[in-house]
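Position 1 is the first residue of the sequence; numbering continues from there. Whatever order the structure lists ligands and atoms in, that order sets their numbers, starting from 1.
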Amino acid sequence: MSIKINFNGKIQEGAEISALDHGFLFGDSVYEVVCTFNNQLCFADKHLKRLRNSASGIQLKVPYSDERFMREIVRTVAVAENEESYVRIVVTRGVGEIDIDPSSCERPNVLIYVTPVKPYPSTYYEDGIDVALVTVKRNAREALNPGIKTGNYLNNVLAKMEANRLGAKDALMLNPWGYLTECTTSNFFFARDGVLMTPSLDCGILAGITREIVIQLARENGFVVEEGQWPQEELEKADEAFVTGTVKRVLPVTQLDNRPIGDGKPGPMTRKLMRLYEGLLQGLHGKVEQLQK
Ligand code: PDD
């Protein structure tokens, strides 16, 4: 895989990070994933804002201004020369003692990874994917708030491994109180009797940027959207479902635990939102160019 890594401002093929970086030792880091569309960065401003919120959630000082981030990202994407790029921005606590206490870490490290985007197979969008409701619970907000996008993704890794064992493409997690939350790297939506439903932020989920845009698009186009706390039983009556994320965009979910959702095909609301989201990305070209200046 071709990969360019901008390590504290220096672009290289690979990056050797110290084994004493607390990002490596303790998952003490934050990150974001941004993708390009027509080779333009999408929603970079929103991702940088969330990166800063995540960093403040773990009291990590981000060493770059947004302008510096944009400069470095644009420069690295240009060097990579991919048709479309996947950009992962990571800020780690930095090098310190082998001690849980971060106060020995003097300087955060900033890494910007750029690789070609690996699109999901078109059959996933045409037929939908199957998701398993797993036993691994999403972290409680009081433990490690899922609203903070840290480099500590072991909760999601374990859920994904359980989904793999069950032969499903992704895992849907409940919170410790039994309410639906999200999938391992995406937000979850379902529809029932023409109402679009999605777990509310207080269930303990990442405030997905695609989620926010899809909710807005849905409301602008006359859909009723409810954000709330729902137990898994609510899904038995679902007519359709989908997940959202920067890489996946809007991806239909047509099976849950090997049982079809609705008629087992991507539903009309899902297909409409897929079209609306793609249309928005197409239309955003000018705005995104402006962002890069
Ligand atoms: N993941 N929930 C979780 C746990 C996520 O990791 C992500 C994003 C989302 C969707 O958020 P957004 O729409 O802002 O991409 C929801 C990225 C893509 C990742 O870690 O690869």
Side-chain angles (χ1 to χ4, degrees), residues 1 3 23 27 29-37 41-54 57 73 84-92 111-120 124 129 131 134 136-141 143-163 169-175 179-190 198-218 227 241-251 253 273-274 276-278 280-281 284:
M1 179 179 56
I3 179 160
S29 62
V30 292
Y31 82 97
E32 275 300 321
V33 173
V34 187
C35 279
T36 63
F37 185 86
L41 294 161
C42 296
F43 315 117
D45 51 345
K46 290 181 189 285
H47 285 279
L48 289 177
K49 189 167 171 215
R50 190 170 66 190
L51 183 78
R52 280 186 198 285
N53 285 342
S54 295
I73 294 168
E84 297 291 356
S85 288
Y86 166 102
V87 180
R88 190 181 186 91
I89 311 157
V90 180
V91 184
T92 75
L111 297 105
I112 300 163
Y113 304 63
V114 177
T115 70
V117 174
K118 267 195 285 168
Y120 288 88
Y124 285 20
I129 60 161
V131 158
V134 293
V136 172
K137 298 285 175 283
R138 193 71 180 107
N139 288 328
R141 290 168 93 202
L144 177 57
N145 186 350
I148 304 174
K149 197 163 171 59
T150 72
N152 188 325
Y153 252 46
L154 205 45
N155 175 215
N156 313 44
V157 171
L158 293 175
K160 178 73 180 169
M161 285 162 68
E162 188 173 339
K169 300 272 180 331
D170 205 352
L172 175 61
M173 290 172 277
L174 300 172
N175 68 18
Y179 295 114
L180 296 167
T181 63
E182 60 184 345
C183 292
T184 58
T185 55
S186 49
N187 291 113
F188 183 76
F189 287 75
F190 60 106
T198 193
S200 50
L201 298 182
D202 58 8
C203 293
I205 59 169
L206 183 72
I209 287 159
T210 323
R211 172 187 182 277
E212 180 194 315
I213 294 167
V214 164
I215 290 175
Q216 195 184 333
L217 281 175
E227 295 177 69
F242 59 87
V243 290
T244 61
T246 294
V247 187
K248 295 185 182 82
R249 303 182 188 165
V250 179
L251 176 61
V253 176
L273 288 164
M274 288 166 76
L276 286 170
Y277 189 73
E278 293 303 308
L280 179 86
L281 291 181
L284 268 182

For ligand 1, find out whether one of its N or O atoms is nearer than 3.5 Å to an N or O atom of R50.
yes
Establish, yes or no, whether a centroid distance under 6.0 Å links the rings of Y153 and Y31.
yes
Looking only at protein heavy atoms, what sits closest to atom 15 (O) of ligand 1 is T246 OG1, 2.5 Å
Do E182 and ligand 1 have an N or O pair less than 3.5 Å apart?
yes
Using a 4.5 Å cut-off on heavy atoms from C-beta on, say whether the side chain of L41 contacts that of I73.
yes
For atom 21 (O) of ligand 1, which protein heavy atom lies nearest, and how many Å away is it?
V33 CG2, 3.6 Å
Tell me the protein heavy atom at minimum distance from atom 17 (C) of ligand 1, and give that distance in Å.
K149 NZ, 3.4 Å
Ligand 1 N/O within reach of N156 N/O, cut-off under 3.5 Å
no
Non-hydrogen side-chain atoms of V136 and N155 separated by less than 4.5 Å:
yes
Residue pair R211 / E182, side-chain heavy-atom distance below 4.5 Å:
no
Check T244, L281, I213 against R249 for a side-chain contact (heavy atoms from CB on, under 4.5 Å) and give me the one that passes.
L281
In this structure, atom 7 (C) of ligand 1 is nearest to the protein heavy atom T185 O, 3.3 Å
Y31 to ligand 1: N or O pair under 3.5 Å?
yes
Taking only heavy atoms of R138, which atoms of ligand 1 are found under 4.0 Å from at least one of them?
4 (C)
So is I209 polar-close to ligand 1, meaning N/O to N/O under 3.5 Å?
yes
Does any N or O atom in R88 lie less than 3.5 angstrom from one in ligand 1, N or O only?
no
Note: N187, heavy atoms under 4.0 Å from ligand 1, region reported as both
Between K248 and T185, is there a side-chain heavy-atom distance shorter than 4.5 Å?
yes
Do K149 and L206 come within less than 4.5 Å of each other through their side chains, counting heavy atoms only?
yes
Please examine the side chains of L217 and Y277, heavy atoms only from C-beta on, and report whether any two atoms are closer than 4.5 Å.
yes
For G208, take its heavy atoms, then give the atoms of ligand 1 lying under 4.0 Å from any of them.
11 (O), 12 (P), 13 (O), 14 (O)
With a 4.5 Å cut-off on side-chain heavy atoms, are S29 and V91 touching?
no
Check ligand 1 against G245 and write out every atom of the ligand that is under 4.0 Å from a heavy-atom position of the residue.
10 (C), 13 (O), 15 (O)
Taking only heavy atoms of T210, which atoms of ligand 1 are found under 4.0 Å from at least one of them?
12 (P), 13 (O)
Has I205 got any heavy atom lying under 4.0 angstrom from an atom of ligand 1?
no
Number the atoms of ligand 1 from 1 as they appear, then name those within less than 4.0 Å of a heavy atom of Y153, with their elements.
3 (C), 4 (C), 5 (C), 6 (O)
How does S186 reach ligand 1, if at all, at less than 4.0 Å between non-hydrogen atoms: by side chain, backbone, both, or neither?
backbone
Using the rule side-chain hydrogen bond (donor to acceptor under 3.5 Å, both in side chains), only one of N175, T184, T181, N156 pairs with R138; which is it?
N156
Do V90 and Y113 touch side chain to side chain, with heavy atoms closer than 4.5 Å?
yes
